[in-house]
Amino acid sequence: MSTVADKMKQAGYKTLAVGKWHAGGHSSQHLPLNRGFDEFLGFLNGHTSHFTHYCNTIDCVDMMDGDKPSWKYFGQYGDEAFYNRTFDFISRQAKNKNRDPFFIYHSFQNIHSPLQVPKHFLSKEFIPEKIHDTRTKLIYGMCAFVDSAVGNITSLLRETGLYDNTLIVFASDNGGEIGLGNNYPLRGFKYDTYEGGVRGTAFITGNLVPQEVRGTRSNTVVHIADWYATLAHVVGEDPTDHKAEAANLPPIDSINMWPMLMGENSTSPRDTIILATPNINDNTTGIISGPFKFLRGIQDLSFVPGIHMPNSSDTWMNQSISCFPGCLFNLEMDPYELHDVASEYPLVIDSLYALANEAIADSYQTPGSMLEDPAASATAENDYHGFWGPWLPDNPPSPPQPPSPPPSFGFYIRYKGDPSLCVTVNKGVDYEKPGSSWDVSGEVQLGSCDAYSKWALDLEQDTLYNVGIAETDWERAYLRQNVDCTIQTRMVTMKNYNGKGASFQPSNGTLAVSQCGGMCAIPSTKWGNLFNVTLVLNSCDASSANQFYLDNP
């Protein structure tokens with residue numbers, strides 16, 4: 001199938017994609033560089049850790065630069081790396097004498113879980129004083145990051161004169177997730193077909209937008225897929241997908257919305273939206289046609305939110321509704337989907353169900369599943385050294401080359417005052433004493449830079465662990481962030497005798513004094529964590545900030 005980037009390339013545009021791809025990676029033909037993009041920096045799946053870029057769904061790292069997995073951004077906040085690439089791309093285009101037209105698809109990772117953000121965005125500058133709980137602070141901070149990035153990118157466009165000939169489209173792909181967002185007054189959440197799950201907001205801006213329509217608002221129906229035909233029209237390209245036609249795939253469903261957006265008419269050319277079909281969406285059906293919305297199947301997230309969530313009246317758990325033979329809502333009269341009118345309109349139910357079944361006939365889903373195909377994880381482990389990448393053969397092009405594997409023995413954390421001293425595990429560490437009582441006779445401290453001072457990062461648990469200790473498949477010495485620590489950036493933190501702390505930040509490779517609550521050394525077994533021991537670091541005090549550095553020989 002063609003992408004909107006393919007159409008941009010046909011029109012002579014330079015193209016960049018950054019951030020979340022999630023549009024295929026089974027073979028190299030699915031990768032962005034083979035889908036119309038000149039450059040790509042991002043991850044292929046739906047989510048990763050923002051700092052380590054580890055994806056627990058696939059149990060490996062997911063970060064690509066171009067068509068090659070990359071360790072370069074390990075420890076750097078993902079959206080920071082993506083913002084930097086977009087900023088650099090625009091700067092390069094501005095310096096280009098020919099001022100070639102360009103298209104950027106910037107898919108922010110924020111505010112997708114896991115909730116993580118650089119410490120700076122948790123300061124009072126971004127977090128209202130009335131916000132006290134950690135989760136809400138993180139959400140505010142992640143939103144603030146996006147706001148800052150969009151503002152800086154827009155400012156760059158203005159400063160370089162590129163804004164005068166630029167169209168900016170800002171759109172969401174779904175509603176907020178239950179437990180993390182609130183779609184009030186709309187019913188439902190991400191993953192369901194109620195309005196709270198599928199209805200999103202969007203806006204367009206830039207000097208390509210005529211003055212007479214700036215600041216206006218439209219409530220007409222637009223599907224996110226309609227941007228394909230709309231943007232193809234803007235650059236003068238025929239949206240017909242000849243590539244799909246040659247592969248005997250269904251024609252596009254995208255509709256050109258530009259005349260409506262520019263105020264040439266007030267009604268949308270689209271009157272029907274297919275939300276779900278049972279062959280793809282777990283036996284559920286969802287369709288909007290005219291004023292009516294038809295749902296069929298088990299609707300798991302039927303919760304109606306309040307103004308504030310959570311609150312004492314929340315009972316959203318197990319709030320599923322069985323829509324058989326179907327639920328029907330009149331969105332014009334009941335936009336919050338509180339009143340099922342299926343019994344009043346049986347003919348409408350039959351008509352919309354038939355329409356949904358017709359949609360199945362020309363739908364297409366790429367076959368295969370990365371979770372069901374053992375070759376997927378085997379390729380990641382054996383060919384890409386723990387990175388995610390294509391596993392199905394195709395020729396041409398060849399699959400991406402694996403990155404150079406990181407040193408397996410770990411790294412030293414050296415003390416600048418005396419490089420022969422490292423943060424180490426005391427050689428007296430003893431995990432099991434006679435009588436099966438567990439204890440630690442040693443401690444973590446400054447010591448000789450030997451086998452007991454080598455550390456590595458556990459991607460899955462976001463911890464440092466000592467690789468110098470003889471490790472079996474069930475025992476490992478960890479340095480884990482104290483649960484009472486309020487610093488939310490992805491770091492590990494160490495505590496000294498004076499109550500001050502030193503925090504290791506992978507983004508800059510330093511140990512810095514902080515006021516965090518400390519660090520625990522946790523020998524971990526297959527039966528769980530058996531005990532915690534506060535880390536001791538004698539030389540860390542208020543005057544020793546940044547007195548440590550990473551050494552990875």
Side-chain angles (χ1 to χ4, degrees), residues 5 8 13-21 32 37-43 48 50-51 53 63-66 70 72-96 99-112 115-128 131 137-173 200-209 214-215 227 231 488-490 505-508:
M8 297 294 158
Y13 280 62
K14 302 295 184 182
T15 55
L16 165 72
V18 296
K20 179 177 177 177
W21 177 241
F37 289 100
D38 296 316
E39 300 181 30
F40 172 67
L41 175 64
F43 52 102
T48 66
H50 293 262
F51 287 94
H53 316 302
M63 176 63 83
M64 273 199 161
D65 193 349
S70 176
K72 179 179 179 181
Y73 306 96
F74 181 75
Q76 182 179 10
Y77 194 62
D79 266 330
E80 180 182 47
F82 307 145
Y83 157 75
N84 289 340
R85 178 61 62 88
T86 292
F87 201 90
D88 174 71
F89 182 87
I90 294 173
S91 299
R92 282 184 277 128
Q93 302 310 310
K95 295 176 182 178
N96 186 342
R99 287 283 176 113
D100 295 325
F102 61 87
F103 170 74
I104 300 173
Y105 172 63
H106 190 123
S107 180
F108 282 97
Q109 187 174 4
N110 284 3
I111 55 170
H112 202 288
L115 299 182
Q116 299 169 329
V117 72
K119 178 183 176 183
H120 170 66
F121 289 93
L122 293 173
S123 65
K124 293 181 180 179
E125 178 182 356
F126 302 104
I127 310 298
I131 303 299
K137 286 182 178 179
L138 286 167
I139 292 174
Y140 268 77
M142 295 172 79
C143 290
F145 187 100
V146 173
D147 185 61
S148 175
V150 172
N152 291 340
I153 291 170
T154 305
S155 295
L156 178 63
L157 291 170
R158 293 182 184 276
E159 293 166 4
T160 56
L162 295 171
Y163 189 83
D164 294 339
N165 197 32
T166 297
L167 175 68
I168 299 174
V169 178
F170 193 98
S172 62
D173 58 352
T201 56
F203 66 83
I204 61 173
T205 188
N207 276 359
L208 279 186
V209 179
R214 296 180 190 178
W227 290 116
L231 295 179
Q488 297 301 325
T489 50
R490 208 225 65 71
Q505 298 178 278
S507 60
N508 57 25

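This chain uses plain numbering: 1 for the first residue, then up along the sequence.
Annotation: side chain of Asn207 is in contact with side chain of Arg214 (closest heavy-atom distance under 4.5 Å). When side chains are defined from C-beta on, Leu167 counts as touching Val209, because their heavy atoms get closer than 4.5 Å. Taking 4.5 Å as the limit, every side-chain heavy atom of Leu16 sits out of range of all side-chain heavy atoms of Phe102. In this structure the side chain of Phe43 reaches within 4.5 angstrom of the side chain of Gln109, judged on heavy atoms. The side-chain heavy atoms of His106 and Val150, taken from C-beta on, include no pair separated by under 4.5 Å. You'll find the side chain of Tyr163 reaches within 4.5 Å of the side chain of Thr205, heavy atoms only. Annotation: side chain of Arg99 is not in contact with side chain of Asn165 (no heavy-atom distance under 4.5 Å). Phe121 places none of its side-chain heavy atoms less than 4.5 Å from the side chain of Tyr77.
Here Tyr13 and Phe103 keep their ring centres 6.0 angstrom or further from each other. Between His120 and Phe145, the distance separating the two ring centers is not shorter than 6.0 angstrom.
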Item to check | Check against side-chain contact (heavy atoms from CB on, under 4.5 Å), Ile204 and Trp227 | outcome: CA-CA 11 Å; Ile204 61 173; Trp227 290 116; 3.6 Å; yes
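Atom CD1 of Ile153 sits about 7.0 Å away from atom CD1 of Ile104, to the nearest 0.5 Å. Here Asn84 contributes atom CG and Asn152 contributes atom CG; the two are 10.0 Å apart, rounded to the nearest 0.5 Å.
No donor-acceptor pair closer than 3.5 Å links the side chain of Ser148 to the backbone N or O of Ala144. Listed for the His50 side chain is a donor-acceptor partner under 3.5 Å among the backbone atoms of His112. Remark: the backbone N or O of Ser70 is not paired with any side-chain donor or acceptor of Asp65 at under 3.5 angstrom.
Looking at every heavy atom in both residues, Ile127 comes nearest to Gly141 through CD1-N, 3.7 Å. For Pro118 against Phe51, the heavy-atom pair with the smallest separation is N-CZ, 4.2 Å. Across all non-hydrogen atoms, the minimal contact from Asp100 to Lys14 is OD2-CE, 3.6 Å. Closest approach of Gly42 to Phe82, counting heavy atoms only: CA-CE2, 3.6 Å.
Residues passing the side chain to side chain donor-acceptor pair (under 3.5 Å) test with Asp173, sequence neighbours excluded: none.
In this structure, a donor-acceptor pair under 3.5 Å is absent between the side chains of Thr160 and Gln93.
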